[in-house]
Protein chains: 4
Amino acid sequence: MKIAILKAANELLEEQGLSGFTIDAVATRSGTARSSIYRWWPNRGALAIAGFLAETAQKIGYPVTASAVADVKSQMMRVAEVYGQKVGRTISALVAQGQSDPEALRALLDGYVLPRREEAKKALLRGIANGELRADVDLDVVIDALYGPIWYRILVPHAPLTSEWAGHLADYVFDGLRPAAADVLSARA
Amino acid sequence: MKIAILKAANELLEEQGLSGFTIDAVATRSGTARSSIYRWWPNRGALAIAGFLAETAQKIGYPVTASAVADVKSQMMRVAEVYGQKVGRTISALVAQGQSDPEALRALLDGYVLPRREEAKKALLRGIANGELRADVDLDVVIDALYGPIWYRILVPHAPLTSEWAGHLADYVFDGLRPAAADVLSARA
Amino acid sequence: MKIAILKAANELLEEQGLSGFTIDAVATRSGTARSSIYRWWPNRGALAIAGFLAETAQKIGYPVTASAVADVKSQMMRVAEVYGQKVGRTISALVAQGQSDPEALRALLDGYVLPRREEAKKALLRGIANGELRADVDLDVVIDALYGPIWYRILVPHAPLTSEWAGHLADYVFDGLRPAAADVLSARA
Amino acid sequence: MKIAILKAANELLEEQGLSGFTIDAVATRSGTARSSIYRWWPNRGALAIAGFLAETAQKIGYPVTASAVADVKSQMMRVAEVYGQKVGRTISALVAQGQSDPEALRALLDGYVLPRREEAKKALLRGIANGELRADVDLDVVIDALYGPIWYRILVPHAPLTSEWAGHLADYVFDGLRPAAADVLSARA
DNA sequence: AAATAAACGAGACGGTACGTCCCGTCTTAAA
DNA sequence: TTTAAGACGGGACGTACCGTCTCGTTTATTT
């Protein structure tokens, strides 16, 4: 039952965004009763993020090759590709919901944003260990610089979100984060 | 009258975000009637962005010094400082509204986002002309890289938005955009 | 509008009693919206008694002949006849509602029961003035004795409510309330 | 188990009337499960009257002295006294329930009202046999006249239900039912 | 100065969705 | 096999806003 509800919730969010995402609509599509939904989730915000986490939030992982920077770049390109489609709609709906529903925002942060940032941090630390990235960098800022623009383009869609764009973005940011030649030498020494 | 309404709209948006932003509340606070609001704006989305553009959207301009890069960085720091406060609340409310109200989104883009990006582009072009920035860079991507994270931190507030943070961000991004030494030399030639 | 609502409320109460008396049903039948009903009445209890008072509560008046006792008796017979039909259904619904809704009960008392008792009291006072009734009688008890059984048969319908029955009832009660022969003589003196 | 449930049902009915009388509340108070209640009673109406009959419906009997009229009067006074308290609350709840639940009404009539009327009839027949009451009287009407007002004051509480009041009521009604002097003489003959 | 147009206030109206409460049915695991 | 536990579909409640609408009342404008 819960699964059918979550599935329906997700589909509605993907297809119609926040405005079509009604408890009644979820109930109808899932073939359940409104009361069954409220039995499990306290309100529409909670249901929305639960649906997202259960169904959509397919974790896009990091490949592991010799180059951590290349790994992150390729993951970002994949993220942009995926978020450029239906998932982006869902995410923007969730963020919108979060603006007037602090609990939903909290749940989105704790359930999705922060864990994903942790993964990113791990990948970047490999880059530092590698010598591909400067060691003195503030990783939180780097993650903001890499992924912030992706969220930005989802939420403020002034232009489409494509993997090419994400590739350029990664290149620009990483270009600034390489160790200075001297550092590389000393690191090698 | 219109001014009082816009002012009230803005204050409510700043103070309470989307949830407190009710046509009724705006009418009450502005001392007007609901019907007067609907005479001038077709719906709450339109009123919200009108209020923002009329009152809050104090354009944060770019200083003009010898270094365009420094100019942009200092503007970004100022933006982060300002958006870290009430204005951020308003902006996030507008973006949220935009997710279920395409016209509001359009108005936000046309009335605020795109013009601001144009200004940024001008400043960056000065940097290219200066030789501070590589000439082959895609400015739209650069603007996304610089400002995207700011919007991201407004909308997905996993950590506070401060001017220090914005400074680091600018540094990291601009570090990757400097011309290669050879280019600089040839440019000078 | 209000009139259409009250009319619909009444019809539903008469036809289906409390169980069919739903705000939704009233809205549908009256061709209005639920919200319009709630604009005017705070809850279903208030609507029920308002409907009754506005539409059904046709005051059954007292004839005025030489004999006040005969007047009351004939009014009671008329009341029994009327209450034995649809109006009785409405009244029983209202009393039932009142058991779990103190405000509705209060409204029923103040809006209907007490005023009707006042009228009865006036008629009975004529009987005392006439010499048809003992002067030392407690009129509240008399009214209870005369009309209580009618309500009882509405609410606890162990047998039908007919005007013949009401006539007998009036006879029995009034038989006990005539002045003693001596009193009549002295009154005449 | 059943006993605990009935007891809890009764207490709730006495304490809170119909509105607090919820299957859930009965289950909680009796320490049983909702399903156990539904095993034994088909719905809340049935449970309510079962609780009443099992626990509260303490039969208030008729004393047997030389005067049947005095016996009935004293029983009425006792009834008024008892019904003026918690039991009255229960009864009004049951009647209310009966208005939208024909089976509950039927059960109340068959299980309580009609049997009590039979008892009353027996007492009154003694009065006729005694010569205290006219022989040609319709006992059903008399019973309505005597007890109807008590129910009326329970259900339409325009004034408190006291034993003094019931005493007056009995006096007034019985005053009209005494045999005419001639009849008494002829009866004696 | 009178006529006329506009903007205004007040607020009713039909509607949609919310979240709550309770109903009566049902399945399941433990005692 | 009776019980406790509790999920399920369903229906009504009362609330909060939405956007539309009518209707008199100012307030200005224009003749």
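Order of the sequence lines sets the chain letters (A, B, ...), proteins ahead of strands, with each chain counted from 1.
- A:Arg44 comes within contact range of the sugar-phosphate backbone alone, with a heavy-atom separation under 4.0 Å but no base atom that close.
- Whole-Å rounding puts the A:Gln97 CD to E:dA17 P distance at 15 Å.
- At E:dA7, none of the side-chain N or O atoms of B:Trp40 fall inside 4.0 Å of OP1 or OP2 (strictly under the cut-off).
- Going from atom CD of C:Glu103 over to atom P of F:dG14 covers 11 Å, rounded to whole Å.
- Checking side-chain atoms of B:Ser36 against main-chain N and O of B:Thr32 turns up no donor-acceptor pair under 3.5 Å.
- Between F:dG14 and C:Trp41, no contact under 4.0 Å exists linking OP1 or OP2 to a side-chain N or O.
- Checking F:dT3, E:dA17, E:dC8 against every side-chain atom of A:Thr22, the shortest atom distance belongs to E:dA17.
- Without hydrogens or angle criteria, C:Gln99 side chain to D:Leu155 main chain gives a donor-acceptor distance under 3.5 Å.
- Nearest to the side-chain atoms of A:Ser36 among the listed nucleotides E:dG24, F:dC8, F:dA4 stands F:dC8.
- One can place CD1 of B:Ile3 at 15 Å from C1' of E:dA7, the figure rounded to the nearest angstrom.
- Listed for the C:Arg44 side chain is a donor-acceptor partner under 3.5 Å among the backbone atoms of C:Phe21.
- The line from CG of D:Leu12 to CZ of D:Arg29 is 4.5 Å long, rounded to the nearest 0.5 Å.
- Each of A:Ala25 and B:Gly31 has a nearest nucleotide on DNA chain E; the 5'-most of these lies closest to B:Gly31.
- If you measure from atom CG of C:Leu18 to atom C1' of F:dA12, you get 13 Å, rounded to the nearest angstrom.
- Atom CD1 in D:Ile5 sits about 14 Å away from atom P in F:dT2, given to the nearest Å.
- Within 4.0 Å (heavy atoms only), D:Gly45 reaches no atom of the nucleic acid at all.
- Map A:Ile23 and D:Asn43 each onto its nearest nucleotide of DNA chain E; the residue landing nearer the 5' end is A:Ile23.
- Between B:Lys86 and B:Glu11 there is no salt bridge, since none of the side-chain N atoms of the basic residue sits less than 4.0 Å from a carboxylate O of the acidic one.
- Remark: C1' of F:dT22 and CZ of B:Arg39 are 12 Å apart, rounded to the nearest angstrom.
- Across the protein-nucleic acid pair, B:Leu47 atom CG and F:dG19 atom C1' stand 13 Å apart, rounded to whole Å.
- A donor-acceptor contact under 3.5 Å links the side chain of A:Arg34 to the base of E:dG19.
- Mapped onto DNA chain F by nearest heavy atom, A:Lys2 and C:Phe21 fall at different nucleotides, with A:Lys2 at the one closer to the 5' end.
- For the pair A:Asp24 CG and E:dC18 P, the computed distance is 7 Å after rounding to whole Å.
- Checking E:dG19, E:dC13, E:dT25 against the side-chain heavy atoms of D:Tyr38 singles out E:dT25 as nearest.
- Side-chain atoms of D:Ser35 and base atoms of F:dA5 include a donor and an acceptor less than 3.5 Å apart.
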